[in-house]
Undergrad: 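Following this message is one structure expressed as structure tokens.
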There are 2 protein chains.
Amino acid sequence: MNTVASAAPYHHGDLRRALLDSATAILAETGRWDFSLREVARRAGVSHAASYRHFTDKEALIAAVALTGCETLHTCMTAAIDGAKGAVGTLRAIGQAYIGFGVANPALYRLMFGQALPSIEGLPPAVLAVLTEARAVLRGVILAGARAGAFAIDPEDEQEVSVAVVTAWSLVHGFTLLTIDRVVDREVRPQVIDALAARVADRLIIGLLPIQGRR
Amino acid sequence: MNTVASAAPYHHGDLRRALLDSATAILAETGRWDFSLREVARRAGVSHAASYRHFTDKEALIAAVALTGCETLHTCMTAAIDGAKGAVGTLRAIGQAYIGFGVANPALYRLMFGQALPSIEGLPPAVLAVLTEARAVLRGVILAGARAGAFAIDPEDEQEVSVAVVTAWSLVHGFTLLTIDRVVDREVRPQVIDALAARVADRLIIGLLPIQGRR
DNA sequence: CGCCGAATGTTACCACCGTCAACACTCCAC
DNA sequence: GTGGAGTGTTGACGGTGGTAACATTCGGCG
């Protein structure tokens, strides 16, 4: 029993958070999520079995990391919407935020969409909820644009709207991954990813604009 | 020493191939590539250390599996080109072949673009070569279309062509992954993926067409 | 204050894994 | 035939995920 502040207390305080931070740090440093649970524990300065008081599983820990990523991504997207004007501008802002998050956190992004999703079932419901809402946000933007006549989409046609949603999401998701994986880098090596992303987005948006608005 | 044919011979014959097949089978069945090397060996009816005569590493085995996937994908793409006419038709055919491969081999696809690519460096050069050629094929198609006036792209503008290549690849890659991960399924549940893919592709292609060709 | 149960962390242990080294069998070239 | 090269086996090592039994601390209740 030592009341000196510098002595490590038996109880950690917030070990759950500390473990998450350690795991996230390792993920960011190595780009891999096949680290050992024991290494995470070592890093948090705790014995290897302590994590089982906070996570049922190694997989559960990793899922929790992925969840924080989903939440951050969602925050980025909604923040981007707030600062944007017009349907096209909003769409662009969302895409930019999305890609920006992925490029800034490549390993986390790959974890979220690579391992955490071995088919969407069996996911922590929390992750699923965030993804669902993210899609709803995108759909809302496109729908609003369609209603305002900014896009050549019939807002009453569910299918057509869905196609646009899937198209936009696919483009942004694919671009993010190709950029992370450096496949894009070898095609064009842009000063800034943003510039390329903007031009790629243009190609999509041109396809969405009504005839008179194009080019 | 037993000359009876039914006795298992000491030498396997083509163990390398057998190990690859086992690993591929496990991958397809479970959707995961964190299987144990020992399980692969068991499946091939061989002792746990035998694989080290054919693969330096567990990672090497997995990379080899990914390589076969890359080759198959490349084959699918080139085959699709042969049967297609016109720039738009060819582009559509490539996309369809690409998506079809991904959907038919979800785990393999995810392995190829999820784990085998922790940034493109450090990849087996063979994989890299296949990817590079795949991109060249796509670029060739788009360039040809641009030269023929089928797309609103200046064939002399390297950047513009590259943007189109990245856009097309991003869209197809993203769509494939979202479909594999069942994210798309919850947006629209199409009778066939093909129909959705075609409509998504249309959105891209409309953006590529010259003005007079649209809609 | 003192005590007790719940929460949290530790140690000890298990089966299994990746990898290596030493050994066994088989095939082919001479 | 014989001797190496190639291929498969056995056995061992340290590390890992996971569990159980034990230790420590905290918070509430007398």
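Chain letters run A, B, ... following the sequence lines, proteins first, then strands; residues in each count from 1.
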Undergrad: Do side-chain atoms of A/Arg203 reach the backbone of B/Thr167 as a donor and acceptor pair under 3.5 angstrom?
TA: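 It does not hold such a pair.
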
Undergrad: Let me confirm one number: the CZ-CG distance from A/Phe55 to A/Leu15, rounded to the nearest 0.5 Å.
TA: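 Answer for the CZ-CG pair, A/Phe55 versus A/Leu15, is 8.0 Å.
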
Undergrad: Return the value, rounded to whole Å, for the distance between atom NE2 of B/His54 and atom P of C/dT19.
TA: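 To the nearest whole Å, that distance equals 16 Å.
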
Undergrad: In whole angstroms, how far is the C1' atom of D/dT7 from the CZ atom of B/Arg17?
TA: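 In whole Å, D/dT7 C1' lies 18 Å from B/Arg17 CZ.
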
Undergrad: Quick test of your reading of the model: are B/Glu59 and A/Arg32 salt-bridged, counting only N-O distances below 4.0 Å?
TA: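 Looking at B/Glu59 and A/Arg32, the cut-off is met.
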
Undergrad: Minimum heavy-atom separation for A/Ile180 to A/Pro106, with atom names?
TA: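 Taking A/Ile180 first and A/Pro106 second, the nearest heavy atoms are CG2-CB, 3.6 Å.
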
Undergrad: Report the distance from atom CG of A/Asp14 to atom P of D/dT25, rounded to the nearest whole Å.
TA: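 Taking atom P of D/dT25 as the reference, CG of A/Asp14 is at 19 Å.
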
Undergrad: Scan for side-chain hydrogen bond (donor to acceptor under 3.5 Å, both in side chains) pairs involving residues 43-58 of chain B, sequence neighbours excluded, and state none if there are none.
TA: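 Of all non-adjacent pairs touching residues 43-58 of chain B, those that pass side-chain hydrogen bond (donor to acceptor under 3.5 Å, both in side chains) are B/Glu29-B/Arg43.
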
Undergrad: Which is it for A/Arg139 and A/Ser162 under the side-chain hydrogen bond (donor to acceptor under 3.5 Å, both in side chains) test, yes or no, and what are the steps along the way?
TA: CA-CA 8 Å; A/Arg139 190 187 186 89; A/Ser162 293; 3.2 Å; yes

Undergrad: Check A/Arg16 against A/Ala64 and note the closest heavy-atom contact, atom names and distance.
TA: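 Where A/Arg16 meets A/Ala64 most closely, the heavy atoms are NH2-CB, 4.4 Å.
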
Undergrad: Assign the ring pair B/Tyr109 / B/Tyr98 to parallel, tilted or perpendicular, where the plane angle (0 to 90°) is split at 30° and 60°.
TA: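 Correct class here is perpendicular.
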
Undergrad: B/Arg42 CZ to D/dT10 P: how many Å, rounded?
TA: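 These atoms are roughly 14 Å apart.
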
Undergrad: Which of residues 19-30 of chain B have a heavy atom under 4.0 Å from DNA chain D?
TA: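 The stretch gives none, as no residue of it lies under 4.0 Å from the strand.
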
Undergrad: I'd like a table of atom pairs between the protein and nucleotides 17-21 of chain D - only N or O on both sides, under 3.5 Å - with the distance next to each one.
TA:
residue: D/dG17; atom: OP1; partner: A/Leu37; partner atom: N; Å: 2.8
residue: D/dG17; atom: OP1; partner: A/Lys58; partner atom: NZ; Å: 3.1
residue: D/dG17; atom: OP2; partner: A/Leu37; partner atom: N; Å: 3.0
residue: D/dG17; atom: OP2; partner: A/Arg38; partner atom: N; Å: 3.3
residue: D/dG17; atom: N7; partner: A/Arg38; partner atom: NH1; Å: 2.4
residue: D/dG17; atom: O6; partner: A/Arg38; partner atom: NH1; Å: 3.4
residue: D/dG18; atom: OP1; partner: A/Asp57; partner atom: OD1; Å: 3.2
residue: D/dG18; atom: OP2; partner: A/Tyr52; partner atom: OH; Å: 3.0
residue: D/dG18; atom: OP2; partner: A/Lys58; partner atom: N; Å: 3.1
residue: D/dG18; atom: O5'; partner: A/Tyr52; partner atom: OH; Å: 3.4
residue: D/dG18; atom: O6; partner: A/His48; partner atom: NE2; Å: 3.0
residue: D/dA21; atom: N6; partner: A/Arg53; partner atom: NH2; Å: 3.3

